[in-house]
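Here's the structure, in structure tokens; my notes come after.
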Amino acid sequence: MSDFTHFNDQGKSRMVDVSEKNDTLRTAVAEGLVYVNEETLSLIKSGGIKKGDVLTVAQVAGIMGAKKTPDLIPMCHPLLLSGVDLALSLDEERTAVLIRATVKNRGSTGVEMEALTAVSAAALTVYDMCKAVQKNMVIGNIRLLHKTGGVHGEYHCS
């Protein structure tokens, strides 16, 4: 696919044609943090947030976000995801909620954007559920940690 490009003949953006690419097993792992204060962290831990179980709701939101990625990111291909796993934990040392998403499929294009979208949707859900007790939470450090599959091979964040 030497003519692989994200632009058409008129120089306008387009969704890349991946029909000639081989299907391979593809995985992507992304993570991010929602920095909170000690009171908010304690309320999340104790189940005291009035909107409900923050980590469980954010986990479901992240899975939904991964599945809706092409609805949010214009040039992403709709993918048949074979697995989405979100792990949310409290990082007491950094006073934060740590979010990690692992996404898998077998296909002709990668799942990095789905993993990043899963983390983002989960982080926004944490914010939404906790905003009544803290408005100055910070969502940050959303990044791709690892990916496998495809012509570009394996990637590990250093």
Side-chain angles (χ1 to χ4, degrees), residues 15-16 18 21 23-158:
M15 185 192 308
V16 173
V18 296
K21 292 175 73 178
D23 285 356
T24 61
L25 178 62
R26 295 163 185 267
T27 63
V29 179
E31 77 171 12
L33 291 155
V34 181
Y35 296 93
V36 299
N37 62 31
E38 289 182 15
E39 175 192 5
T40 303
L41 192 70
S42 178
L43 287 168
I44 295 169
K45 187 176 185 177
S46 69
I49 297 292
K50 292 186 188 217
K51 283 191 172 185
D53 181 343
V54 174
L55 301 183
T56 299
V57 174
Q59 179 185 30
V60 172
I63 293 168
M64 292 174 66
K67 296 189 313 183
K68 292 290 191 179
T69 299
D71 294 335
L72 301 169
I73 311 297
M75 300 303 169
C76 284
H77 294 80
L79 301 177
L80 181 60
L81 302 179
S82 53
V84 180
D85 185 24
L86 257 84
L88 286 89
S89 60
L90 301 179
D91 184 331
E92 297 197 31
E93 186 174 306
R94 291 187 276 189
T95 319
V97 178
L98 174 63
I99 304 163
R100 183 169 288 187
T102 303
V103 179
K104 295 181 182 182
N105 86 331
R106 178 168 291 284
S108 57
T109 189
V111 290
E112 298 96 298
M113 292 308 301
E114 287 73 13
L116 290 163
T117 301
V119 169
S120 300
L124 289 168
T125 300
V126 170
Y127 186 95
D128 177 58
M129 294 190 72
C130 298
K131 69 185 181 217
V133 295
Q134 183 186 354
K135 301 262 191 276
N136 66 344
M137 291 173 277
V138 175
I139 295 171
N141 299 352
I142 296 174
R143 62 193 179 134
L144 180 68
L145 295 178
H146 178 76
K147 80 135 203 113
T148 64
V151 296
H152 299 290
E154 201 157 332
Y155 165 80
H156 288 283
C157 180
S158 47

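We're numbering straight along the sequence, starting at 1.
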Exercise for review: Would you sort out whether R100 and L86 count as a side-chain contact (heavy atoms from CB on, under 4.5 Å), showing the intermediate values?
Suggested key: CA-CA 6 Å; R100 183 169 288 187; L86 257 84; over 6 Å; no
With a 3.5 Å cut-off and sequence neighbours excluded, list the donor-acceptor pairs that the side chains of residues 101-124 form with protein atoms.
unit_1: T117; atom_1: OG1; unit_2: M113; atom_2: O; d: 2.7
unit_1: S120; atom_1: OG; unit_2: L116; atom_2: O; d: 2.9

Point to revise | Interatomic spacing from CD1 in I44 to SG in C130 - rounded to 0.5 Å | key: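 These two atoms lie 4.0 Å from each other.
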Review point. Which value, rounded to the nearest 0.5 Å, describes the distance between L33 atom CG and T95 atom OG1?
Key: 11.0 Å
Point to revise | Whether S42 side chain and E38 backbone form a donor-acceptor pair below 3.5 Å | key: no
Distance-only donor-acceptor pairs under 3.5 Å for side chains of residues 70-80, two or more places apart:
unit_1: H77; atom_1: NE2; unit_2: V16; atom_2: O; d: 2.7

Using residues 48-55 as the side-chain source, report each donor-acceptor pair under 3.5 Å to any protein atom, sequence neighbours left out, with the distance given to one decimal.
unit_1: K51; atom_1: NZ; unit_2: D128; atom_2: O; d: 3.3
unit_1: K51; atom_1: NZ; unit_2: D128; atom_2: OD1; d: 3.3
unit_1: K51; atom_1: NZ; unit_2: D128; atom_2: OD2; d: 3.3
unit_1: D53; atom_1: OD1; unit_2: L55; atom_2: N; d: 3.3
unit_1: D53; atom_1: OD1; unit_2: T56; atom_2: N; d: 3.2
unit_1: D53; atom_1: OD1; unit_2: T56; atom_2: OG1; d: 3.4
unit_1: D53; atom_1: OD2; unit_2: T56; atom_2: OG1; d: 2.8

Practice item. Carefully, step by step, assess I63 and V60 under the rule side-chain contact (heavy atoms from CB on, under 4.5 Å). Key: CA-CA 5 Å; I63 293 168; V60 172; 5.6 Å; no
Point to revise | Pairwise ring-ring contact (aromatic ring centres under 6.0 Å, His included) hits with a residue in residues 109-133, at least two apart | key: none
Exercise for review: Looking only at non-hydrogen atoms, find the nearest pair between A66 and T69 and report the distance.
Suggested key: O-OG1, 3.0 Å
Review point. Sequence neighbours excluded, which residues qualify as salt bridge (charged side-chain N to carboxylate O under 4.0 Å, His left out) partners of D91?
Key: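 Result, salt bridge (charged side-chain N to carboxylate O under 4.0 Å, His left out) vs D91: R94.
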Point to revise | Results of side chain to side chain donor-acceptor pair (under 3.5 Å) for T24 - residues two or more places apart only | key: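 With sequence neighbours excluded, T24 shows a side chain to side chain donor-acceptor pair (under 3.5 Å) to R26, given in chain and number order.
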**Study point:** Residue pair L98, L88: steps toward the side-chain contact (heavy atoms from CB on, under 4.5 Å) verdict
**Key:** CA-CA 6 Å; L98 174 63; L88 286 89; over 6 Å; no
Review point. Do any pairs count as a side chain to side chain donor-acceptor pair (under 3.5 Å) and have a residue in residues 135-149, sequence neighbours left out, and if so which ones?
Key: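 Qualifying pairs: T27-T148, E31-R143, Y35-N141, Q134-N136, H146-H156.
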**Study point:** Residues in side-chain contact (heavy atoms from CB on, under 4.5 Å) contact with E92, at least two apart in sequence or another chain
**Key:**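 Expected list: L41, K45.
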